[in-house]
Amino acid sequence: MKEIYFAGGCFWGTEHYMRQFEGVVETMTGYANGTIPHPAYEEVYTDRTGHVECVRVIYDPEIISLTTLCRLFFRSIDPLLKDRQGNDIGTRYRTGIYWLDNDDMEIVEEVYEEIQTKYESPLMVEKCRLECFFPAEEYHQDYLLKNPSGYCHLSPSELQFAKTYARITKALRACSDEEKKVVLPRFFKTGKGEYGEGDRFMGVIVPDTRKVAREHAGASWEVLEALLESEWHECRLCALLILVERYRKYPEETVRFYLEHTKGISNWDLVDLSAPYILGRYLTGSENRTILYTLAGSDNMWEQRIAVVSTLTLIRDNQFSDTMKLAGIFLDTRHDLMRKAVGWMLREVGKRDERTLTDFLDSHCLQMPRTMLRYAIEKLTPEQRAHYMRRPM
């Protein structure tokens, strides 16, 4: 177990918020980084002790990372306010993140910089080592559990966010399979230097993830955004599957959100189970396909794959031109997953219009990487496959 300390205004609300999350095993309210030992609440309230109302969070890093905890914490505060949150004003209500383990400092700094990019003004959130922490009086512990209608500076929507996010992550973990926990990281190449490096798996199969997505189809955009920031693969997939369903009612908003959060679409199944059914569906009714070429020109291989795989829906609508243009763009791609994606889309074109495929192959088969070519010709006759594969090595 590890511990981290958060100051987010009145500690009643911050404790209640943080304790919702899966992996948080214990919380305690207290007073931190002041000048006098063992202060009473009445002393801290004067703002003369230097103490801040703070929450100690004990968590299991095998379930929730410090990165995720910090991101979730930032969602509960206005980071631009100094010595104030909600209606609570004073130095005791300043915001901050405090660590004991020096290794945690780098993680806190990284999240801090990430959040800072979202604002033009500097963040007013302290970040430093914890110097001291004194537990608050007993009546301050789990205050909002004991007093459900008690004062809380956090809005109902912020507390609902925490509850919904926690329900989804807990529901997913309840479907976890120990064998899949071992198999999936290898299958999705999460080792150092591999395409899925750093991705973490709970061990949940796709049908179970779909079930959880259906049960939480009404999750807010903020919950979906937080899930897409998760280190857990299944959380990101669940968010994307919810987006696929949401597209039916809110196409414009869903496509916009999807394109703004491609950072979380960082493995091939996440792309393949979402891109055709969100961006692809949207583009079938639009003559403007510029976004495909913007994504194709990205340095991010997953965005490139989104561009190519999105055309699957266009192909099914007998619209082939964008697929063929993108295939030409990626003839020299070095990424094996892109070679497979392009070959897959070419094969799908050939299943509907063999002449379009063979015309492309006649012009480009000598340039095509062998993996791309093999995928593209898979549904052709044995004689045709032999013809296109008969080329200099």
Side-chain angles (χ1 to χ4, degrees), residues 187-189 195-196 206 237 240-241 243-244 247 255 258-259 262 265-382 384-385 387-389 391:
F187 184 71
F188 285 98
K189 307 296 183 185
Y195 63 73
V206 172
L237 177 56
L240 292 167
L241 293 175
L243 285 174
V244 168
Y247 175 84
V255 170
Y258 186 77
L259 293 173
T262 55
I265 311 171
S266 54
N267 217 311
W268 60 263
D269 64 320
L270 303 180
V271 174
D272 298 357
L273 291 172
S274 64
Y277 311 106
I278 297 175
L279 184 58
R281 280 178 182 167
Y282 184 74
L283 292 177
T284 55
S286 172
E287 294 183 1
N288 185 353
R289 308 286 168 78
T290 304
I291 186 59
L292 291 178
Y293 302 95
T294 300
L295 291 168
S298 170
D299 292 331
N300 183 312
M301 186 264 287
W302 302 117
E303 291 189 343
Q304 295 175 2
R305 188 173 174 105
I306 288 172
V308 170
V309 176
S310 289
T311 68
L312 178 60
T313 312
L314 301 178
I315 294 168
R316 290 171 176 168
D317 197 48
N318 294 316
Q319 301 181 47
F320 309 133
S321 61
D322 289 295
T323 302
M324 309 315 292
K325 290 176 185 176
L326 290 170
I329 289 171
F330 288 111
L331 281 174
D332 60 351
T333 181
R334 295 179 177 274
H335 296 291
D336 186 60
L337 286 174
M338 285 302 299
R339 292 173 175 178
K340 291 176 179 177
V342 172
W344 170 25
M345 291 304 105
L346 288 172
R347 182 183 70 210
E348 293 301 311
V349 170
K351 285 160 61 176
R352 289 161 177 79
D353 187 336
E354 186 177 296
R355 180 62 180 272
T356 297
L357 172 60
T358 55
D359 283 350
F360 183 88
L361 295 173
D362 290 341
S363 298
H364 301 293
C365 71
L366 296 180
Q367 300 168 257
M368 294 170 69
R370 295 188 77 81
T371 298
M372 184 188 296
L373 181 58
R374 286 195 184 98
Y375 270 62
I377 65 177
E378 186 177 350
K379 297 299 181 180
L380 297 180
T381 66
Q384 287 173 309
R385 293 200 301 272
H387 168 72
Y388 287 115
M389 291 300 294
R391 61 177 190 166

(message) Taking salt bridge (Lys or Arg N to Asp or Glu O under 4.0 Å) as the definition, give me every residue that meets it alongside D336, ordered by chain and number, with sequence neighbours left out.
(response) K340

(message) Please enumerate all residues that pass salt bridge (Lys or Arg N to Asp or Glu O under 4.0 Å) together with K189, with sequence neighbours excluded.
(response) none

(message) The criterion is ring-ring contact (aromatic ring centres under 6.0 Å, His included); which residues satisfy it with F188, sequence neighbours excluded?
(response) F201, H233, W268

(request) Answer whether the closest heavy-atom distance between the side chains of M324 and S321 falls below 4.5 Å. (result) no

(request) Enumerate the residue pairs fulfilling ring-ring contact (aromatic ring centres under 6.0 Å, His included) with a member in residues 313-334, sequence neighbours excluded, ordered by first and then second residue. (result) none

(request) Report the distance from atom CG of L326 to atom CG of L314, rounding to the nearest 0.5 Å. (result) 9.5 Å

(request) Please report the shortest heavy-atom distance between T284 and Q319, naming the atom on each side. (result) O-NE2, 3.5 Å

(request) Applying side-chain contact (heavy atoms from CB on, under 4.5 Å), name anything that partners R334, two or more places apart in sequence or on another chain. (result) none

(request) Please identify each residue that fulfils side-chain hydrogen bond (donor to acceptor under 3.5 Å, both in side chains) with S310, with sequence neighbours left out. (result) none

(message) Determine whether L337 and V271 satisfy the following criterion, side chain to side chain contact (heavy atoms under 4.5 Å, CB included), listing intermediate values before the conclusion.
(response) CA-CA 11 Å; L337 286 174; V271 174; over 6 Å; no

(message) Looking at S363 and D359, would you say the former's side chain and the latter's main chain have a donor-acceptor pair under 3.5 Å?
(response) yes

(message) What's the separation between atom CG in L361 and atom CD in E354, rounded to the nearest 0.5 Å?
(response) 9.5 Å

(request) Heavy atoms only: give me the nearest Y258-S274 pair and the separation to one decimal. (result) OH-OG, 2.7 Å

(message) Once rounded to the nearest 0.5 Å, what's the spacing between atom OG1 of T358 and atom CG of D353?
(response) 8.0 Å

(message) Between W302 and L270, is the side chain to side chain contact (heavy atoms under 4.5 Å, CB included) condition met? List the steps.
(response) CA-CA 9 Å; W302 302 117; L270 303 180; over 6 Å; no

(message) I want to check something: taking the side chain as every heavy atom from C-beta on, are L273 and L237 in contact at a cut-off of under 4.5 Å?
(response) yes

(message) Is a donor from one side chain sitting under 3.5 angstrom from an acceptor on the other, for Y195 and N267?
(response) no

(message) Would you compute the distance between atom CG of L346 and atom NZ of K351 and round it to the nearest 0.5 angstrom?
(response) 12.5 Å

(request) Any chance you could measure F360, atom CZ, to L331, atom CG, to the nearest 0.5 Å? (result) 4.5 Å

(request) Determine whether L312 and W344 make a side-chain contact, defined as any pair of heavy atoms from C-beta on separated by less than 4.5 Å. (result) yes

(request) Would you please name every residue forming a side-chain hydrogen bond (donor to acceptor under 3.5 Å, both in side chains) with Y282, sequence neighbours left out? (result) E252

(request) Can you tell me which residue pairs pass the salt bridge (Lys or Arg N to Asp or Glu O under 4.0 Å) test with a partner in residues 303-322, sequence neighbours excluded? (result) D272-R305, R289-D322

(request) List the atom of L373, the atom of M389, and the distance in Å for their closest heavy-atom pair. (result) CD2-SD, 3.6 Å

(request) Kindly indicate whether the side chain of Q367, heavy atoms from C-beta on, has any atom under 4.5 Å from the side chain of D332. (result) no

(request) Go through Y277 and L243 one step at a time and tell me if the side chain to side chain contact (heavy atoms under 4.5 Å, CB included) criterion holds. (result) CA-CA 9 Å; Y277 311 106; L243 285 174; over 6 Å; no

(message) Side chains of L283 and I291, heavy atoms from C-beta outward: is any pair under 4.5 Å?
(response) yes

(message) I need the minimum non-hydrogen distance between I278 and L240, along with the two atoms involved.
(response) CD1-O, 4.3 Å

(request) Quick one: pull up CG in L292 and CG in L279 and give me the separation to the nearest 0.5 Å. (result) 6.0 Å

(request) Hey, could you give me each pair passing salt bridge (Lys or Arg N to Asp or Glu O under 4.0 Å) that has a residue in residues 371-382? Not counting sequence neighbours. (result) R347-E378

(request) Please list, chain by chain and in numerical order, all residues satisfying side-chain hydrogen bond (donor to acceptor under 3.5 Å, both in side chains) with T313, sequence neighbours excluded. (result) none

(message) What verdict does the side chain to side chain contact (heavy atoms under 4.5 Å, CB included) test give for I377 and Q384, after you've listed the backbone C-alpha separation in whole Å, the side-chain angles of each residue and the deciding distance to 0.1 Å?
(response) CA-CA 8 Å; I377 65 177; Q384 287 173 309; over 6 Å; no

(message) Tell me the closest heavy-atom pair linking I315 and R352, and the distance in Å.
(response) O-CD, 3.3 Å

(request) Sequence neighbours left out, what passes side-chain hydrogen bond (donor to acceptor under 3.5 Å, both in side chains) with N288? Give chain and number order. (result) T290

(message) Checking the side chain of R339 only, and the main-chain atoms of T333 only, is there a donor and an acceptor separated by less than 3.5 Å?
(response) yes

